[in-house]
Peer 1: 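Let me begin by handing over the structure; questions about it come next.
Basis for what follows: all heavy atoms, side chains included, without hydrogens, waters or symmetry-related copies. Protein chains get the first letters and strands the later ones, always in sequence-line order, with residue 1 at the start of each. Note that the structure is predicted; figures quoted are calculated from it, not measured.
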Number of protein chains: 2
Amino acid sequence: MAQTEGAEKSGTRAEMREETERLILDAAEGIFAEAGFGGATMQAIADSCGLPKANLHYYFSSKEKLYRRVVERIFTIWLEAADSFDTEARPEVALRRYISRKMQLSREHRHGSKVWANEVMHGAPIVQDYLESALQVWTDTRIAVIRRWINEGLIRPVEPRWFLYMIWATTQHYADFAHQIETLNHGALDDAQWHEATETVCGILLRGIGIDPHSTGDRPA
Amino acid sequence: MAQTEGAEKSGTRAEMREETERLILDAAEGIFAEAGFGGATMQAIADSCGLPKANLHYYFSSKEKLYRRVVERIFTIWLEAADSFDTEARPEVALRRYISRKMQLSREHRHGSKVWANEVMHGAPIVQDYLESALQVWTDTRIAVIRRWINEGLIRPVEPRWFLYMIWATTQHYADFAHQIETLNHGALDDAQWHEATETVCGILLRGIGIDPHSTGDRPA
DNA sequence: AGACACCTTGACTGGTTGGTCAGGTCTGCT
DNA sequence: AGCAGACCTGACCAACCAGTCAAGGTGTCT
């Protein structure tokens, strides 16, 4: 009976295992985001997904293993979003799409962004290898693209590194500091505010590097 | 003997107490920044400043009280820096000074920024009242100033709220994500890089709202 | 039906942590 | 000198937490 937890119907063994793991990972992401690794307890995660604590240890042998899986999942989502930074498109198109996507992620994956921020803030004890491999590679290729745009005179000459950090910082801020933003806003941002914030961020960043933010790709150059 | 801890010479009772409290607060700031509230231990803080753990409890009755004092101190520094946002000066001067000051704080008070970020990310359980009072007031006055600049045609019309968040996000990113930045940079940023990053951030943000970032106040308008 | 592997869970444990306390030390005052 | 009050600290404790385990349940094969 307890095997068909919650709403999902029974499927194959593998499907059910995956389903339960996802249930735990979702709960863990929320708890780790709200309390940090040290502040989170396995009991709290167990309560959050309505499973006994011992059950968690059946699926994830240790707290650290569970945490690592949470962070890995977040990094995967982040990398997929990163693909929206199209290296072939014109800068105003590629950047606008990438920034919009990152804003969307901040809205839909607030917890994930917080866990990542926490991890990096504490010196990336778990994901140092990601920083040095995948992130390094991704960053280097994008820096090369931005350099090319500069050489072709498409954007103003800015150090690509600092510009990329500005994009990350401004977009992730809406997830990591959501509580502060919502306090100052007297409530959660509505659809219109999210749209306006995204437009403002896009507008300032694009204009900041010398692009007219309204000359999107759908008009002939 | 142990009373004149470390390097400082003995002064009055009050001076020595203040000195010891500062020693503990400095250590606590570092530990809280690196491990979060839940991950930090009183023993680690004690070791970090070379005092026995029981001594910490003599000066700060509980871990939470100590943490609160750390956060309060950070907020004070933040507010003092906020005064560099001169509401009288012209936008390019006021903004450039404020952004530069915030970048400087990110470099000199990395730990403090991290503790603040941690606190807000976890829902500001300790400093919610600051957000609702002091920060709210400060933000409202600055938004009014930016609105005035817009009405006077000094800067492009942007929602001041989102613009302010961009400033906070980009500058604090250099403290909160220092580890990520330094990993990608293969080492800490040197003086030249900090200068260049500050210039890039200022340049993009000012240009983004329609200001020529090089028309500083020291030339006649 | 029976056997087997997989899943679930309440109860338990060893280690860690925040906090206490009694007894000692030092300083400034009279 | 002698005293009072501030300061220091090793040893201790109760609470909590990650992780274990053994016993029982459930689905799926032959």
Peer 1: Give me each pair satisfying ring pair (Phe, Tyr, Trp, His ring centres under 6.0 Å) with a member in residues 105-125 of chain A, each pair once, sequence neighbours excluded.
Peer 2: A:F75-A:W116
Peer 1: Determine which pairs satisfy ring pair (Phe, Tyr, Trp, His ring centres under 6.0 Å) with at least one residue from residues 12-49 of chain A, sequence neighbours left out, and list them in order.
Peer 2: A:F32-A:F37, A:F32-A:Y67, A:F37-A:Y67
Peer 1: Just the rounded figure in Å: distance from P of D:dA6 to CD of B:E15.
Peer 2: 18 Å
Peer 1: Using whole Å, what does the distance between atom C1' of nucleotide C:dT9 and atom CG of A:L51 come to?
Peer 2: 10 Å
Peer 1: Does OP1 or OP2 of C:dC6 have a side-chain N or O of A:R17 closer than 4.0 Å?
Peer 2: no
Peer 1: Relative to the ring of B:Y165, is the ring of A:Y174 parallel (under 30°), tilted (30 to 60°) or perpendicular (over 60°)?
Peer 2: perpendicular
Peer 1: Can you list the residues that meet the side chain to side chain contact (heavy atoms under 4.5 Å, CB included) rule with A:D191, with sequence neighbours excluded?
Peer 2: A:R107
Peer 1: Within this structure, what is the CD1-CD distance for the pair B:I99 and B:E199, rounded to the nearest 0.5 Å?
Peer 2: 10.5 Å
Peer 1: For DNA chain D, determine which residues of residues 53-74 of chain A have any heavy atom closer than 4.0 angstrom to one of its atoms, and list them numerically.
Peer 2: A:K53, A:A54, A:H57, A:S62, A:K63
Peer 1: In residues 30-45 of chain B, which ones come under 4.0 Å of DNA chain C, going by heavy atoms?
Peer 2: B:A40, B:T41, B:M42
Peer 1: Between P on C:dC6 and CD on A:E21, what's the gap in Å once rounded to a whole number?
Peer 2: 14 Å
Peer 1: Can you tell me if A:R101 uses its side chain to pair, donor with acceptor, with the backbone of A:A82 under 3.5 Å?
Peer 2: no
Peer 1: Would you say CD of B:E64 has more than 12 non-hydrogen atoms from neighbouring residues, nucleotides or ligands within 6.0 angstrom?
Peer 2: no
Peer 1: With sequence neighbours left out, write down each residue that passes side chain to side chain contact (heavy atoms under 4.5 Å, CB included) with A:T183, or none if nothing qualifies.
Peer 2: A:H179, B:Q128, B:L131, B:E132
